[in-house]
Amino acid sequence: MFKSLQLPKAFWVSIIIGYAFCLLTFFVLLTASLDLLAPSQVLNNHTVTKLTGIRLAILTFGLFSISFTLKYSLMYAKYVTVALTVWAIAMYVDDHFVLYNMVEYPQEGVIALVQSLRPILIISLIWMCFELIFSPHLTD
Amino acid sequence: MVDKKITDLEIEAILEAFSNSQPKVTDRTGQSSSFRVLFCFINLYVLLFIVLYFLLKINQVAELDPNSRTEEFLIVLEGRIFVLFWLLVFLNMTAYFNFGFKAVCLVILVYVLNSTIDNTILFSDLKDLLDESHFFVFMITIPLYVIAVAGLMIIYKDNFETFSPLTSEALSGKAA
């Protein structure tokens with residue numbers, strides 16, 4: 001029986017946003033051309049695509065892990081969610097300080113859309129953490 | 001003549017009974033020596049790279065070498081050092097106040113692991129950058145830093161609330 005059935009709707013909306021973000025990024029990786037990137041950048045398109053692919057794989061694996069651990073233990077689901085949230089925030093901060101100085105992403109189009117949706121993904125993950133940590137009715 | 005309620009022998013017995021607890025109360029950190037060594041290493045590591053950053057920055061301004069890839073390294077180092085410096089400040093604060101230390105360790109661990117993955121993916125193609133000795137040292141020593149932070153998180157004792165500066169002051173205030 002899914003222990004996660006005790007979880008409120010907001011949690012499920014947050015996890016669906018996470019999966020939707022993964023799908024959108026996957027779609028962008030398959031379809032969009034990174035030739036739009038500025039030619040004066042330090043890093044080449046292949047490297048940026050590789051990095052995005054690896055990050056997407058980690059994020060998808062993390063979201064699947066949350067869904068999987070929810071089936072067995074809320075405690076482990078909480079740990080996985082917190083770890084994934086910390087990683088997403090660390091990645092976002094690190095990109096602002098390092099990556100965006102080396103890669104100039106296009107200001108318009110689907111790549112810009114994915115970039116602008118990253119804070120929403122982080123908010124969703126933070127919300128999931130709050131639900132798992134502070135909801136009083138949740139028991140393992 | 002004052003009539004003593006307690007004899008010298010009894011005073012000695014009381015002092016002897018509390019002599020074991022005295023060093024623990026005076027020891028404000030309450031942590032093992034290996035913890036202190038790792039803690040110093042983490043502080044020194046970040047401070048060393050802050051110094052390296054400023055030295056490279058000054059050197060770059062002084063003499064501009066068109067073949068050098070120092071500029072790319074400086075972009076990486078600047079961002080990483082800025083974030084690590086503030087995380088180090090929080091680490092020291094949480095260690096001093098004995099509150100949220102493991103959480104900050106977890107944040108540093110995740111951040112540094114993410115940096116290592118990024119460095120490996122992004123700069124593996126830039127052979128020129130890896131030829132730069134300071135960048136190579138930076139790349140090589142990051143796993144050491146990860147191990148140190150993980151070790152710090154594991155050996156940290158968070159059950160010594162009575163010895164932390166905040167709680168010991170609170171207790172002494174109550175006693176007064």
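In what follows, chains are A, B, ... by sequence order, proteins preceding strands, each numbered from 1. Being a predicted model, the structure only gives us computed values, none of them experimental.
- Residue A:Val86 touches chain B through both its backbone and its side chain, counting heavy-atom pairs closer than 4.5 Å.
- When heavy atoms are compared at a cutoff of 4.5 Å, A:Ile89 does not approach chain B at all.
- Nearest approach of B:Tyr145 to B:Val46, heavy atoms of both residues: OH-CG2, 3.4 Å.
- Using a 4.5 Å cut-off between heavy atoms, B:Phe82 touches chain A through its side chain atoms alone.
- For chain A, the nearby parts of B:Val107 are the backbone and the side chain; heavy atoms of each come within less than 4.5 Å.
- Under a hydrophobic clustering in which Ile, Leu, Val, Met, Phe, Trp and Tyr are joined whenever their side-chain heavy atoms come within less than 4.5 Å, directly or via other members, B:Leu38 and B:Met93 fall into the same cluster.
- Under a 3.5 Å cut-off, the side chain of B:Asn114 and the backbone N or O of B:Val110 do not form any donor-acceptor pair.
- Within a 6.0 Å radius of CZ in A:Phe64, no more than 12 heavy atoms belonging to other residues, nucleotides or ligands are found.
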